[in-house]
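In this text the structure is predicted, and so the values were computed from the model without any measurement. Heavy atoms only: backbone and side chains are in, while hydrogens, waters and symmetry mates are out. To find a chain, count down the sequence lines: A is the first, B the second, and so on, and within it residues start at 1.
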Amino acid sequence: MKKLENIDKMIGRKLKSGVFYFSLLLGWEVVCRVFELPHYLLPSPTMIAIELVNTFPLLMSHAQVTMTQVMIGFLLAIGLGFILSMVMDRYQGLKNLIYPMLVVSQTIPIMAIAPLLMIWFGFGILPKVIVVVLVCFFPVTVSLTEGLSSTDHELIDLMKTMHATERQIFFKCKLPAALPSFFAGLRIAATYSVMGAVVAEWVGAQKGLGIYMTRVMKSYRTPALFANIVVIVVITLLFVLMIDMISKKCMPWKNNQRRIEERG
Amino acid sequence: MMMERIKLTQITKNYHMENGRVLETLKEINMVLYDKEFVSIIGPSGCGKTTLFRLMTGLDKPDGGEIFVNGQKRRETNEKISYMQQKDLLMPWRTILDNVRLPLEIDKEANPVSPEKMNQLFELFGLKGFEKAYPNTLSGGMRQRAALLRTFMVDSSMMLLDEPFGALDGITRSQMQQWLLDVWQKNQKSVFFITHDIDEAIFLSDRIYVMGGRPGMIVGEIPVDFQRPRTPDLMVTPEYLSYKAEIRNLLTLFPITK
């Protein structure tokens with residue numbers, strides 16, 4: 001019975017937020033129609049939806065290019081971040097040397113680097129991938145490094161009394177202990193990555209959501225711009241969702257805890 | 001003459017504080033643990049009990065004196081001593097079975113434990129049915145038993161237990177003491193046991209070292225002559241009370257002074 005009540009409550013909550021967002025959209029629609037706003041200033045939700053449906057194949061072909069860049073850049077960033085974190089964990093001196101540089105590198109605006117990368121590497125996919133790597137690398141590396149160094153020292157001591165090697169301590173203790181922090185960083189990196197690719201495409205590209213965005217903006221096709229934004233938002237959310245699913249698979253003990261908290 | 005498992009001679013350890021001052025943590029400690037003996041070390045918090053264990057395992061080095069493990073100098077031997085800290089230190093990402101198996105995974109040359117034997121041990125440690133559970137779903141007493149079982153898995157005949165029941169409530173605690181005696185009698189390891197509970201020390205031990213601080217030093221050594229196996233009934237005998245009075249006296253004679 002208790003369980004049923006809980007489900008009822010959950011549906012009720014979902015229903016409430018659904019009604020809330022629907023009325024927001026409705027309000028937007030009404031404002032556009034009542035004040036007869038020109039569509040290049042603010043298109044109504046229905047207009048955006050129609051545009052989305054009509055240009056869906058075109059949007060998807062652009063999205064495909066952007067997502068390819070995002071995926072390559074994202075995986076590269078994870079690989080590089082992993083290697084650097086491991087090296088910094090092993091050699092603390094190197095960490096003291098590199099870590100400040102990592103932080104400073106984050107303050108450099110991507111908008112300033114993107115054109116430079118285009119001059120260096122042309123209009124192809126490479127400069128976009130580099131931008132994605134640049135924006136993802138930092139959250140991945142920092143979260144993993146912090147996670148690795150936050151391992152309980154007593155646990156490491158315990159493993160030493162069992163005569164564990166450095167390698168065993170890293171893989172059996174430090175790495176699993178760092179996973180929650182690592183996935184938190186990955187989540188942030190995922191949201192940055194799509195944005196990074198879009199910004200890189202603004203500067204110049206043959207295809208992609210970013211370059212499509214600049215094109216429709218220049219021709220005042222605001223409904224198409226909004227449709228573009230919707231696609232970017234949905235793709236990013238799906239990306240984050242995917243990472244959440246992977247993190248649940250990788251850390252089954254976390255789900256377990258949640259179940260118990262709910263019971264209590 | 002019984003075999004000396006662990007022996008400390010004139011051990012001194014200093015702690016270097018951040019402001020440059022040197023704090024004497026341990027001063028001229030002499031101790032011995034014979035084979036298959038259960039010896040408690042009792043003393044007020046901060047008298048350097050845990051430091052003693054860190055020196056015995058080789059995690060820290062003494063500033064003076066010598067430690068012998070199985071007759072060999074600590075700094076020259078790689079002898080393994082199993083060590084259980086105050087916290088259970090179970091890995092949250094491993095199931096209880098995998099946590100317990102950790103020492104076997106690390107030391108590939110350790111004697112393998114068959115699934116049947118492991119099953120028996122889980123039964124003995126009251127963990128049966130929880131092999132696949134994660135530590136955060138277990139009660140404090142069960143976590144502590146799991147940590148103890150992991151300590152037993154270490155391929156060594158010596159065990160250092162640092163207040164293993166310190167975080168448990170009174171009832172669970174006395175159950176665990178009784179149970180630990182059973183397990184110890186079946187396995188016959190040599191045990192050093194840190195506690196600051198007088199009753200616990202008398203009930204469990206063959207001998208008790210009483211420490212005072214600071215610097216931490218041995219202020220008394222008391223052999224406990226109760227027959228084994230022991231039951232909690234002995235806690236109301238006059239002999240028991242005289243032991244208790246003796247230890248209390250020693251502890252109040254050498255309180256911690258700043």
Side-chain angles (χ1 to χ4, degrees), chain A residues 82 85-86 89 92 143-144 146-186 243-264, chain B residues 50-51 53-60 69 74 77-96 98-110 130 132-139 147-148 150-156 158-164:
Chain A
F82 233 92
S85 300
M86 274 172 77
D89 181 65
Q92 285 294 312
S143 62
L144 189 56
E146 294 294 320
L148 287 174
S149 62
S150 69
T151 320
D152 194 335
H153 283 279
E154 290 185 71
L155 189 52
I156 295 174
D157 280 343
L158 177 70
M159 292 192 69
K160 280 184 186 159
T161 66
M162 297 175 185
H163 290 182
T165 59
E166 283 290 333
R167 209 186 137 89
Q168 283 173 325
I169 289 176
F170 185 84
F171 283 106
K172 288 185 195 294
C173 174
K174 284 184 168 181
L175 195 58
L179 276 186
S181 165
F182 172 66
F183 274 109
L186 222 52
I243 284 167
D244 282 351
M245 273 159 63
I246 295 174
S247 88
K248 267 188 189 155
K249 266 265 176 303
C250 290
M251 303 186 291
W253 70 94
K254 287 267 164 193
N255 313 343
N256 218 306
Q257 189 168 27
R258 199 166 302 144
R259 258 211 308 281
I260 283 201
E261 276 164 9
E262 273 169 17
R263 258 191 243 134
Chain B
T50 301
T51 310
F53 276 9
R54 291 183 63 87
L55 295 175
M56 292 178 200
T57 52
L59 286 171
D60 283 335
V69 181
R74 173 78 267 183
T77 174
N78 202 18
E79 195 76 47
K80 210 188 309 181
I81 301 178
S82 71
Y83 175 30
M84 178 177 167
Q85 287 118 308
Q86 287 176 39
K87 283 193 270 175
D88 59 61
L89 293 175
L90 295 171
M91 295 174 167
W93 54 87
R94 280 173 173 249
T95 61
I96 295 302
D98 287 341
N99 262 297
V100 166
R101 288 190 57 83
L102 181 71
L104 304 172
E105 264 178 50
I106 288 173
D107 185 0
K108 299 266 160 43
E109 286 156 21
F130 291 89
K132 297 263 154 52
Y134 286 103
N136 57 29
T137 63
L138 265 56
S139 67
L148 255 169
R150 180 184 58 191
T151 315
F152 266 89
M153 283 292 135
V154 177
D155 190 25
S156 168
M158 297 156 272
M159 285 206 315
L160 309 179
L161 306 178
D162 190 350
E163 282 192 55

(request) Sort out for me which of B:Asn78, B:Asp107, B:Leu90, B:Thr95 touches chain A most, counting heavy-atom pairs under 4.5 Å. (result) B:Asn78
(message) Below 4.5 Å, heavy-atom pairs only: which of B:Pro135, B:Ser82, B:Pro103 has the largest tally toward chain A?
(response) B:Pro103
(request) Enumerate the residue pairs fulfilling ring-ring contact (aromatic ring centres under 6.0 Å, His included) with a member in residues 158-185 of chain A, sequence neighbours excluded, ordered by first and then second residue. (result) A:Phe82-A:Phe182
(message) Using a 6.0 Å cut-off, check whether atom CZ of B:Arg101 has over 12 heavy atoms from anything other than its own residue.
(response) no
(message) Using side-chain heavy atoms (C-beta onward) and a distance below 4.5 Å, is B:Met91 in contact with A:Pro176?
(response) no
(request) Tell me, for A:Asp157 versus chain B, whether the close heavy atoms (under 4.5 Å) come from the side chain, the backbone, both or neither. (result) both
(message) Counting C-beta onward and ignoring hydrogens, is there a side-chain heavy-atom pair between A:Met162 and B:Glu105 closer than 4.5 Å?
(response) no
(request) Side chain from CB out, backbone as N, CA, C, O: work out which of these in B:Gln86 comes under 4.5 Å of a heavy atom of chain A, or both, or neither. (result) neither
(request) Could you tell me the separation between the CG atom of B:Asp60 and the CZ atom of B:Phe53, rounded to the nearest 0.5 Å? (result) 14.0 Å
(request) Only counting residues at least two apart or in another chain, list the ones meeting side chain to side chain donor-acceptor pair (under 3.5 Å) with A:Ser85. (result) A:Thr145
(request) Under 4.5 Å heavy-atom distance to chain A, tell me which part of B:Asp155 shows up: side chain, backbone, both or neither. (result) neither
(message) Taking side chain as everything from C-beta outward and backbone as N, CA, C, O, which of these in B:Ile81 sits under 4.5 Å from a heavy atom of chain A? Side chain, backbone, both or neither.
(response) backbone
(request) With a 4.5 angstrom heavy-atom cut-off, could you sort out which part of A:Glu154 is near chain B: side chain, backbone, both or neither? (result) both
